[in-house]
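Contents: one structure, followed by commentary.
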Amino acid sequence: MTVATRIAPSPTGDPHVGTAYIGLFNYAFARSRGGRFIFRLEDTDRQRYDAGAEARILEMFEWLGIRPDEGPDVGGGRGPYRQSERLAIYREHAGRLLATGKAYRAFETPEELDAMRTEQKRLGRPLGYDGRGREVSREEQERRAAQGEPHVVRLITPDDGETAFQDVLRGEVSIRNAEIRDPVLQKSDGYPTYHLANVVDDHLMGVTHVIRAEEWVTSTPIHVLLYRAFGWELPEFIHMPLLRNPDKSKVSKRKLDTSVESYRLQGILPEALLNFLATMGWSMPDGREFFSLDDMVAGFDIGRVSLGGPVFDLKKLRYYNAKYLRDVLSLEEVARRIAPLLRERGLDWNDQDYLLDVVDVLRPRAETLVDLIDAAGYFFTEDVRYDGPARKQLAAGQKYLEDLEREFSILEFFDYDGVDDLLHDYVQAQSVGMGKVLQPLRAALTGTTNAPGVTDLVTILGKRRVLRRIGQALSAINQGLPDDNPQRSGESGPGGDGKGARGPRKPGKGETQARQQGRQEGTAAGAGTPKRDPAG
RNA sequence: GGCCCCUUCGACUAGCGGUUCAGGUCACCACCCUUUCAAGGUGGCGGCACGGGUUCGAAUCCCGUAGGGGUCACCA
């Protein structure tokens with residue numbers, strides 16, 4: 001039998017990291033065994049149904065690169081893949097259990113059930129349906145149903161003994177049948193409950209391995225009983241540990257950001273999120289900590305799941321993201337993802353190489369795409385604003401800036417080495433510390449003191465921009481560095497939404513690594529076009 | 001509370017009876033590099049929950065205790 005797994009989310013709120021997590025493991029398992037991975041929408045709860053959620057969950061998986069072989073959007077031979085479109089199937093199956101005496105119609109109202117629970121509580125008795133509906137005769141059940149009296153269908157479960165199942169990761173788990181109280185299979189609105197729909201669909205869709213979260217362990221015996229009632233073969237059950245909040249409780253919106261969309265908006269990369277999620281309760285056989293989805297599939301071994309509930313650590317997620325940004329993805333790839341975000345802010349550029357240079361120096365200083373674009377502003381606008389520390393540097397560096405303006409204007413080879421030599425020679429001639437000269441220059445060029453190496457900045461910005469910015473800084477100094485420097489107007493281009501004008505920039509993070517040799521462009525035309533290591 | 005599951009550094013984990021006075025990563029600290037901020041390099045801090053067994057030998061197996069989590073709906 002060919003392996004089949006599934007992810008079966010409910011279309012309620014935001015696409016959840018837990019759904020991504022369980023989806024990832026189902027996907028990896030199916031792929032590693034040459035099986036099918038099914039997406040099934042469990043939309044049987046009309047109260048909590050959210051019309052937009054289905055598309056958003058699908059988008060989430062698309063973004064993550066986890067593509068189902070079957071699902072509502074891709075089809076497949078065992079659909080439909082929305083439970084709301086399978087109502088007739090569930091009704092027929094419920095009917096089958098009714099006909100074979102394995103289920104019965106129960107007519108208690110919600111109020112009656114509440115009263116029952118209240119009474120149980122008062123007496124200190126175990127909570128749960130007491131099976132009173134079994135007393136109603138078949139004839140009466142059918143008669144009342146025929147008269148349209150609202151009712152549910154319940155499974156008859158054994159009162160004694162216990163029901164056990166094998167969990168691939170935990171071994172045998174058994175629960176006394178007394179704990180299981182005739183669960184509802186079909187609600188009074190005619191919709192199936194999770195238990196019925198899930199079992200019926202898993203069977204009909206040929207699911208061989210049920211990989212789901214640990215929270216389902218205690219209801220698995222219900223499913224076992226259902227499989228038996230239908231006379232079906234059991235699938236393998238694999239219960240993954242629950243992702244945890246920092247306080248160890250199961251991940252929740254209240255205590256943690258659980259929305260995958262929100263991580264995307266924060267500039268988290270799908271590869272990084274996936275890699276991070278894969279390390280939650282699982283490890284590569286060879287101990288690698290950075291690996292792609294394909295790598296994971298190639299090395300997948302369900303036996304390597306560890307059962308302690310892993311805490312979802314934002315810091316580590318960000319670390320993974322930073323790692324992907326600077327080491328795993330190519331420079332070109334990062335630039336490709338950054339470009340649209342810059343344009344959204346109304347920032348633009350003419351030269352692809354310029355963008356690559358900017359990303360190159362900025363990415364070691366960024367943890368997320370958003371960090372990166374937050375720090376990139378001065379590369380894309382001439383309206384440089386000076387933050388507090390920058391003002392101090394400018395005020396102290398007027399002389400150096402004047403000198404450097406002159407020196408740069410006559411510098412013939414405006415490439416990395418040329419600039420670097422000039423700067424060093426100048427500093428030496430002045431016999432002062434590097435910082436004395438370079439900090440004011442950095443401030444003039446970027447408006448901040450936290451930025452990439454000055455030689456990089458100068459080289460990337462190019463002669464024309466550098467001279468202009470030094471000139472600007474000098475005139476600002478002459479005007480006493482007015483504190484109410486006009487807000488940067490954000491150079492709103494197409495798609496600009498005014499976001500260009502933001503509060504004080506976060507300290508830029510950048511790259512000091514020596515640039516490639518051979519920057520050839522000595523002209524004033526700014527946009528640096530240095531040679532770049534094609535290895536990227 | 002009943003039931004079920006889980007338990008290696010603050011966090012993620014490796015370890016599946018002996019080659020481990022427990023290894024790696026994040027975080028944290030220090031130092032190095034250094035014109036700022038990062039990145040990078042080096043080092044450090046820090047753990048087998050506890051108690052009984054089993055065994056020549058236990059982080060690894062068993063039992064108990066404690067702790068954590070989940071679940072007890074006409075939600076999934």
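Proteins get letters first, then strands, A, B, ... in listed order; numbering begins at 1 in each. These values consider heavy atoms only, across backbone and side chains, with no hydrogens, waters or symmetry-generated copies.
Salt-bridge annotation for D130(A) and R181(A): absent, with no side-chain N of the basic residue lying under 4.0 Å from a carboxylate O of the acidic one. Salt bridge K399(A)/E402(A): absent, no basic N to carboxylate O contact under 4.0 Å. With salt bridges taken as basic N to acidic carboxylate O contacts below 4.0 Å, one links K250(A) and E215(A). With salt bridges taken as basic N to acidic carboxylate O contacts below 4.0 Å, one links E54(A) and R82(A).
Base contact: V152(A) has a heavy atom under 4.0 Å from a base atom. The residue R154(A) sits close only to the backbone: its heavy atoms come under 4.0 Å of sugar-phosphate atoms, none of a base. Residue R326(A) is in sugar-phosphate contact alone, with no base atom involved, counting any heavy-atom pair closer than 4.0 Å across all strands shown. When heavy atoms are screened at a 4.0 angstrom cut-off, V454(A) is found touching base atoms of the nucleic acid. P110(A) comes within 4.0 angstrom of a base, heavy atoms only. Using a 4.0 Å heavy-atom criterion, one finds that T449(A) contacts the bases of the nucleic acid, with or without backbone contacts as well. Looking at heavy-atom distances under 4.0 Å, R304(A) makes contact with sugar-phosphate atoms alone, never a base. When heavy atoms are screened at a 4.0 angstrom cut-off, S188(A) is found touching base atoms of the nucleic acid. Nucleic acid contact class of L423(A) (heavy atoms, under 4.0 Å, all strands): none.
With N275(A) contributing its side chain and F291(A) its backbone, the two residues share a donor-acceptor pair below 3.5 Å. Proximity of a side-chain donor or acceptor of T118(A) to a complementary backbone N or O of D114(A) within less than 3.5 Å is detected. Under the 3.5 Å distance criterion, the side-chain polar atoms of Q141(A) are matched with a main-chain donor or acceptor of R105(A).
If you measure from atom NE2 of H239(A) to atom P of G69(B), you get 20 Å, rounded to the nearest angstrom. The nearest whole Å value for the distance from the CD atom in Q120(A) to the P atom in G2(B) is 16 Å. Atom-to-atom, CG of N245(A) to P of G70(B) comes out at 9 Å; the value is rounded to the nearest Å. For the pair Q83(A) CD and C75(B) C1', the computed distance is 13 Å after rounding to whole Å. Between the CZ atom of R105(A) and the C1' atom of C74(B) there is a distance of 15 Å, rounded to whole Å. A straight line from CG of D456(A) to P of A39(B) spans 16 Å, rounded to a whole angstrom. Note: CD (Q186(A)) to P (A76(B)) measures 13 Å, nearest angstrom. Rounded to whole angstrom, the span from the CG atom of L155(A) across to the P atom of C74(B) amounts to 14 Å.
RNA chain B is contacted by K248(A), S249(A), K250(A) of residues 247-260 of chain A, taking any non-hydrogen atom closer than 4.0 Å.
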Distances for protein N/O vs nucleotides 24-28 of chain B N/O pairs under 3.5 angstrom?
| unit_1 | atom_1 | unit_2 | atom_2 | d |
| --- | --- | --- | --- | --- |
| G24(B) | N2 | E289(A) | OE2 | 3.2 |
| U25(B) | O4' | E289(A) | OE1 | 2.9 |
| U25(B) | O4' | E289(A) | OE2 | 3.2 |
| U25(B) | O2 | K316(A) | NZ | 2.9 |
| C26(B) | OP1 | Y319(A) | OH | 3.2 |

Close N or O pairs between protein and nucleotides 4-9 of chain B (under 3.5 Å):
| unit_1 | atom_1 | unit_2 | atom_2 | d |
| --- | --- | --- | --- | --- |
| C5(B) | O2' | R170(A) | NH1 | 2.3 |
| C5(B) | O2' | E214(A) | OE2 | 3.0 |

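Picking from C12(B), C75(B), A38(B) the nucleotide with the shortest atom distance to the side chain of P364(A) gives A38(B). Nearest to the side chain of L242(A), among U36(B), G70(B), C74(B), sits G70(B). Side chain of R117(A), nearest nucleotide from C74(B), U35(B), U36(B): C74(B). Listed nucleotides: A76(B), G69(B), A11(B). Nearest to the side chain of Y194(A): A76(B).
When the C1' atom is compared between G52(B) and C29(B), the two are found 40 Å apart, to the nearest whole Å. When the C1' atom is used for both U55(B) and G43(B), the distance is 40 Å, rounded to whole Å. As rounded to the nearest Å, U54(B) and U60(B) have C1' atoms that lie 13 Å from one another. Between C9(B) and U25(B), the two C1' atoms lie 12 Å apart (nearest whole Å). Rounded to whole Å, the separation between the C1' atoms of G69(B) and C37(B) comes to 42 Å. Comparing the P positions of A58(B) and C21(B) gives a spacing of 14 Å, expressed to the nearest Å. Separation of the C1' atoms belonging to C56(B) and U65(B) is 29 Å when rounded to the nearest angstrom. Taking the P atom of each, G10(B) and C50(B) are spaced 12 Å apart, rounded to whole Å.
A38(B): no Watson-Crick or G-U partner with both key distances under 3.5 Å is found in any strand. Under the Watson-Crick or G-U wobble criterion, with both distances below 3.5 Å, U65(B) is paired with A49(B). Base pairing annotation: C72(B) forms a Watson-Crick or G-U wobble pair with G1(B), both donor-acceptor distances under 3.5 Å. Under the Watson-Crick and G-U wobble criteria, each requiring two contacts below 3.5 Å, nucleotide C21(B) is left unpaired.
At A76(B), one or more side-chain N or O atoms of T44(A) fall inside 4.0 Å of OP1 or OP2 (strictly under the cut-off). Using a 4.0 Å cut-off, some side-chain N or O of K187(A) falls inside it from OP1 or OP2 of A76(B). Contact check, R363(A) against A39(B): no side-chain N or O comes under 4.0 Å of OP1 or OP2.
A perpendicular orientation is assigned to the rings of Y400(A) and Y426(A), their planes being inclined by more than 60° (bins at 30° and 60°).
Of the two residues contacting RNA chain B, namely M434(A) and L113(A), the nearest-nucleotide position lying further toward the 5' end is that of M434(A). Comparing G433(A) and S10(A) along RNA chain B, the residue whose closest nucleotide (by nearest heavy atom) sits nearer the 5' end is G433(A).
If you look at F300(A) and W282(A), their ring centroids are closer than 6.0 Å. The aromatic ring centroids of Y194(A) and H223(A) lie less than 6.0 Å from each other. For Y324(A) and Y320(A), the gap between ring centers reaches or exceeds 6.0 Å. A distance below 6.0 Å separates the ring centres of F276(A) and F312(A).
The cationic group of R144(A) lies under 6.0 Å from the six-membered ring centre of F107(A) and within 45° of the ring axis, placing it in a cation-pi geometry. Note that R154(A) lies in the cation-pi zone of Y129(A), set by a 6.0 Å cut-off to the ring centre and a 45° limit from the axis.
Within a 6.0 Å radius of NZ in K436(A), no more than 12 heavy atoms belonging to other residues, nucleotides or ligands are found. At most 12 heavy atoms of other shown residues, nucleotides or ligands fall within 6.0 angstrom of atom CG in D160(A).
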